[in-house]
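Taking it in order: structure first as structure tokens, then the write-up.
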Amino acid sequence: MAIEIDLSDKSALVTGAGAGIGSEIARWLARAGAAVAVADVRAGHAQAVVDSITAEGGRAVPIVADCRDDPQIARMVAEAVAAFGGLDIAVNNIGNTAGRGGGPSVSLDADHWRDIVNQNLILTALCAKEEPRCCCPGSGGVILNVSSARRPGPLPISPPTRRPRPASTT
């Protein structure tokens with residue numbers, strides 16, 4: 001079953017749109033007709049997604065922003081608004097689980113866990129705080145927050161061996 005959605009009069013901002021789920025969300029919004037601001041910390045990745053959207057006849061602009069820097073969040077939203085005259089849809093897709101290398105969950109150090117929580121929770125919340133200030137007046141808007149989940153890998157230790165139960169004395 002196909003779902004038809006017409007977003008031809010809408011504009012969208014997608015963070016983390018240079019790869020993975022974010023790039024597919026940006027492409028999907030563009031295919032539905034939205035003008036899309038493709039935001040990513042990596043300029044080349046953002047541009048590649050913009051190129052693929054425009055090659056399919058969509059409208060998109062790249063925005064390079066590091067959402068770990070509060071002023072860059074404000075600039076990113078302002079650039080999206082300036083590019084399209086407003087903002088109707090924001091997809092906050094900053095989440096990351098690996099960051100500085102993968103490995104089993106139990107092997108990650110405290111700084112790595114703080115980075116995962118910061119990206120998936122704090123940065124998403126800071127973007128969601130800024131975006132409503134720029135949504136098209138009177139037309140409402142939608143903010144979607146996407147987060148990553150870390151699936152535990154195999155433990156780097158052997159499972160405990162079972163000890164035989166003591167024989168019953170009764």
Side-chain angles (χ1 to χ4, degrees), residues 3 5-102 108 111-137 139-151:
I3 298 174
I5 297 176
D6 181 11
L7 299 175
S8 57
D9 61 342
K10 304 295 182 189
S11 61
L13 166 65
V14 182
T15 63
I21 293 170
S23 67
E24 291 307 312
I25 292 170
R27 287 182 180 102
W28 185 90
L29 289 165
R31 287 181 193 123
V36 183
V38 177
D40 201 275
V41 70
R42 302 158 301 182
H45 285 72
Q47 187 62 56
V49 174
V50 167
D51 292 345
S52 73
I53 289 171
T54 57
E56 291 183 13
R59 287 185 11 185
V61 296
I63 298 177
V64 178
D66 185 344
C67 291
R68 292 172 290 193
D69 182 49
D70 294 357
Q72 288 192 46
I73 293 172
R75 179 188 51 78
M76 172 186 69
V77 173
E79 282 186 32
V81 170
F84 304 124
L87 184 61
D88 301 293
I89 302 163
V91 181
N92 298 312
N93 176 63
I94 303 172
N96 187 342
T97 57
R100 295 170 297 200
L108 302 180
D111 286 339
H112 195 147
W113 276 110
R114 285 184 186 92
D115 189 38
I116 289 171
V117 170
N118 189 40
Q119 288 187 47
N120 286 282
L121 177 62
I122 305 301
L123 301 183
T124 297
L126 291 175
C127 287
K129 176 183 142 211
E130 188 67 30
E131 292 151 349
R133 298 175 191 198
C134 299
C135 283
C136 296
S139 68
V142 175
I143 297 174
L144 302 170
N145 296 315
V146 179
S147 180
S148 296
R150 183 157 182 89
R151 193 169 82 182

(message) Let me confirm one number: the CG-CD1 distance from L123 to I73, rounded to the nearest 0.5 Å.
(response) 6.0 Å
(message) Counting only heavy atoms not in R75 (residues, nucleotides, ligands), do more than 12 fall under 6.0 Å from its CZ?
(response) yes
(message) Just verifying a value: how many Å separate K129 NZ and D70 CG, rounded to the nearest 0.5 Å?
(response) 7.0 Å
(request) Go through the structure and list residues passing side-chain contact (heavy atoms from CB on, under 4.5 Å) with D51, not counting sequence neighbours. (result) Q47
(message) Using a 3.5 Å distance criterion without hydrogens, assess whether the side chain of S11 forms a donor-acceptor pair with backbone atoms of F84.
(response) no
(message) Looking at N145, is its backbone amide N or carbonyl O close enough to the side chain of N92 to form a donor-acceptor pair, meaning the two atoms are under 3.5 Å apart?
(response) no
(message) How close do P62 and A46 get, counting heavy atoms only, and between which atoms?
(response) CB-CB, 4.1 Å
(message) Please identify which of these residues, V14, V49, L13, meets the side-chain contact (heavy atoms from CB on, under 4.5 Å) condition with V38.
(response) V49
(request) Tell me, with the steps shown, if D40 and V64 meet side chain to side chain contact (heavy atoms under 4.5 Å, CB included). (result) CA-CA 5 Å; D40 201 275; V64 178; over 6 Å; no
(message) Rounded at 0.5 Å granularity, tell me how far CD in E131 sits from CD1 in I143.
(response) 5.0 Å
(message) So does D66 get a backbone contact from the side chain of Q72, meaning a donor-acceptor N/O pair under 3.5 Å?
(response) yes
(request) Please examine the side chains of V91 and W28, heavy atoms only from C-beta on, and report whether any two atoms are closer than 4.5 Å. (result) no
(request) Report yes or no: does N93 contribute a side-chain atom to a donor-acceptor pair with the main-chain N or O of V146 at less than 3.5 Å? (result) no
(request) Looking only at non-hydrogen atoms, find the nearest pair between C127 and T15 and report the distance. (result) SG-CG2, 4.4 Å
(request) Measure across A19 and H45 and return the closest heavy-atom pair with its distance rounded to 0.1 Å. (result) CB-CD2, 4.4 Å
(request) Give the minimum heavy-atom separation between I53 and A30, together with the two atoms involved. (result) CG2-CB, 3.4 Å
(request) Kindly give the heavy-atom pair with the smallest separation between M76 and A65, and that separation in Å. (result) CB-CB, 3.8 Å
(request) Report yes if the side chains of L7 and L29 come closer than 4.5 Å at any heavy-atom pair, otherwise no. (result) yes
(request) Return the minimal non-hydrogen interatomic distance between A80 and I63, and the atom names on each side. (result) N-CD1, 3.6 Å
(request) Could you tell me whether I21 atom CD1 has more than 12 heavy atoms of other residues or ligands within 6.0 Å of it? (result) no
(message) Could you go through V36 and R59, starting from their C-alpha distance and side-chain angles, then the distance that decides it, and tell me whether this counts as side chain to side chain contact (heavy atoms under 4.5 Å, CB included)?
(response) CA-CA 6 Å; V36 183; R59 287 185 11 185; over 6 Å; no
